[in-house]
Amino acid sequence: MREDMRDILLDRAEIARRVKELGRQITEDYRGETPLLVCILKGSVVFFADLIRAIDLPVQLEFMTASSYGSATVSSGEVKIKSDLDEKIFGRHVILVEDIIDSGRTIAYIRADMLKKGVKSLRVCSLLDKPDRRVSEVAADYVGFTIPDEFVVGYGLDFDQMYRNFPDIGVLKPEKYEKTAD
Ligand code: IMP
Ligand code: MG
């Protein structure tokens, strides 16, 4: 996979260091509580697995699926959610765990929906933030790295469902992005 990359933006050691810091921060902020961490699949799965082990608190875990991209590198703008968390989030301190906030539409949609469903508190933890592309007014409470407006893959993030298992975060060579399915 390395040979498909134009650049490595964040390597595994840098990511690991930052994820540990985020875990420490969450541990301090939620001391005495049992937060419910919600993994937004599929992109957050690798980050989520590392983050939860960096949090030294009793936590519970839930999973939901959101998609707004299809197979392109530009968001379709339409957010699709698959989740049955309604009663599980009621009265809980919820932390939504995202891989990246881009236009902000996904997280804005999920946030608004969860707030209507009676969470006790709601915060967003995103590994990456691409503020240049924001369409919806949303900000994460915890951000790993702020990155420039480039389409990145690896550490859970995909292009056309590929490269999620690449251990670093990088930008593909331009010709790799050309083969967009359908
Ligand atoms: P938003 O709704 O535009 O904020 O999009 C968020 C979702 O789009 C993320 O959860 C990712 O799945 C996907 N996404 C946005 N930017 C990238 C990227 O650079 N690489 C891979 N996926 C991305
Ligand atoms: Mg995603």
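Read the numbers this way: they start at 1 and go in the same order the structure lists the ligands and their atoms.
- Every residue two or more places apart in sequence or in another chain that forms a side chain to side chain contact (heavy atoms under 4.5 Å, CB included) with Val143 is listed here: Asp129, Ala140, Thr146.
- Considering only non-hydrogen atoms, atom 22 (N) of ligand 1 lies nearest to Phe151 out of Phe151, Tyr109, Tyr163.
- Those atoms of ligand 1 with a heavy atom of Lys130 less than 4.0 angstrom away are 16 (N), 17 (C), 18 (C), 19 (O).
- The ligand atoms of ligand 1 that sit less than 4.0 angstrom from a heavy atom of Gly104 are 1 (P), 3 (O), 4 (O).
- Closest of all the heavy-atom pairs between Cys125 and Phe47 is SG-CZ, 3.8 Å.
- The heavy atom nearest to atom 10 (O) of ligand 1, out of those in Ile40, Asp99, Thr106, is found in Asp99.
- Contact between Asp158 and ligand 1 is present, with at least one heavy atom of the residue lying under 4.0 Å from the ligand.
- The two atoms that bring Phe145 and Glu14 nearest to each other are CZ-O, 3.7 Å, heavy atoms only.
- Ligand 1 has no atom lying under 4.0 Å from any heavy atom of Lys42.
- With Asp11 contributing its side chain and Asp168 its backbone, the two residues share no donor-acceptor pair below 3.5 Å.
- Using 4.0 Å as the threshold, Arg133 has no heavy atom nearer than that to any atom of ligand 1.
- Atoms of ligand 1 found under 4.0 Å from any heavy atom of Glu150 (numbered from 1 in listed order, with element): 19 (O).
- Less than 4.0 angstrom separates some heavy atom of Glu98 from each of these atoms of ligand 1: 10 (O).
- Residues meeting the side chain to side chain contact (heavy atoms under 4.5 Å, CB included) test with Asp7, sequence neighbours left out: none.
- Following chains of ILVMFWY side-chain contacts shorter than 4.5 Å, one can reach Met1 starting from Ile8, so the two form part of one hydrophobic cluster.
- Between the side chain of Tyr177 and the backbone N or O of Phe151 there is at least one donor-acceptor pair closer than 3.5 Å.
- Side-chain atoms of Ser44 come within 3.5 Å of backbone atoms of Val97 as a donor-acceptor pair (strictly under, hydrogens ignored).
- Summarising the contacts of atom 14 (N) of ligand 1 with Asp102, Asp129, Ile100, the nearest heavy atom is found in Ile100.
- Using a 4.0 Å cutoff on heavy atoms, Gly43 does not count as a contact of ligand 1.
- Taking all heavy atoms of Ile110, Val152, Leu157 into account, the minimum distance to atom 20 (N) of ligand 1 is reached by Val152.
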